[in-house]
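To keep things clear, I will list the structure first and then write my remarks on it.
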Amino acid sequence: MAKAMTLLWGAGSPPCWRVMIALEEKNLQGYNQKLLSFDKMEHKSKEVLDINPRGQLPTFKHGNTIVNDSYAVCFYLESQFKSQGNKLIPDSQEEQALMYQRMFEGLTFYDKLNAVIYYDWFVPEGERHESALNRNKEALTTELKLWEGYLQKLGSGSHVAGPSFTLADVVIFPTVAYLFRFGLSAKRYPKLGEYYNLLKDRPSVKASWPPHWLENPEGQDTLKDI
């Protein structure tokens with residue numbers, strides 16, 4: 001099954017990481033994969049555009065079926081391979097509802113993180129303002145406190161949508177990992193720190209860990225004052 005799959009991905013991309021975690025969780029190792037460079041603009045190459053006209057990564061193909069959005073790929077893999085690997089959508093109606101809620105809140109979480117750590121990348125030099133970056137930092141701080149509260153309410157040792165590892169964790173963990181990669185204080189956000197430590201050694205996460213993080217484990221301090 002995995003041999004019929006192809007993933008075009010970029011290192012340093014949480015959306016790509018989501019898909020790679022999902023593939024590991026469903027025991028779909030051995031798929032065809034190609035690492036592309038964002039710096040070299042390879043995500044805008046004909047190879048990608050022929051499959052994904054948005055010119056974005058991940059780009060995923062299973063046989064003749066193309067699925068490109070990272071959330072869509074995760075749902076697709078769980079739907080197509082329900083009985084294989086780990087079950088990623090809980091049976092409990094309450095847990096399932098919370099899983100969906102947290103998954104889609106995760107998109108806002110990711111956007112607010114990007115607005116801070118990639119501010120200089122997204123905003124041309126002549127249009128950058130310290131006040132705008134400070135507003136982005138304030139918005140991220142508010143978001144972090146929200147997630148800290150969610151985890152506090154669920155209790156120690158919980159995943160983001162309850163006791164089980166679900167699709168919500170598949171899509172949200174890469175965002176949390178980036179927070180700490182960029183210097184977020186686990187002392188200031190202990191529940192997020194506990195969650196990060198709970199999952200960082202999970203086999204699917206370790207198997208898909210960004211290769212350049214392994215080469216340079218130090219990270220950055222962009223978020224140290226958040």
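Keep in mind that what you see is a predicted model, and the values were worked out from it rather than measured.
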If Ile, Leu, Val, Met, Phe, Trp and Tyr residues are connected whenever their side-chain heavy atoms lie under 4.5 Å apart, and connections chain through other members, are V160 and L154 in the same group?
no

Test your reading of the model: is there a side-chain donor-acceptor pair from D50 to the backbone of E47, 3.5 Å cut-off?
no

side-chain hydrogen bond (donor to acceptor under 3.5 Å, both in side chains) involving Y150 - partner list, sequence neighbours excluded
E105

Spacing of CD belonging to E194 relative to CD belonging to Q152, to within rounding of 0.5 Å
9.0 Å

If we ignore angles and hydrogens, is there a donor and acceptor under 3.5 Å between the side chains of T108 and E143?
no

Contacts satisfying side-chain hydrogen bond (donor to acceptor under 3.5 Å, both in side chains) that involve residues 206-224 (not counting sequence neighbours) are W17-S208

Do I172 and W147 come within less than 4.5 Å of each other through their side chains, counting heavy atoms only?
yes

Rounded to the nearest 0.5 Å, how far does NZ of K112 lie from CG of N114?
13.0 Å

Are F38 and F60 connected in the hydrophobic side-chain network, where two residues link if heavy atoms are under 4.5 Å apart?
no

Check whether E25 reaches the backbone of N86 with its side chain - one donor and one acceptor, N or O, closer than 3.5 Å.
no

Path from L107 to L98 over hydrophobic side-chain contacts below 4.5 Å:
no

Measuring only between side-chain heavy atoms, which start at C-beta, is E78 closer than 4.5 Å to V170?
no

Is the Y71-F104 ring centre distance short of 6.0 angstrom?
yes

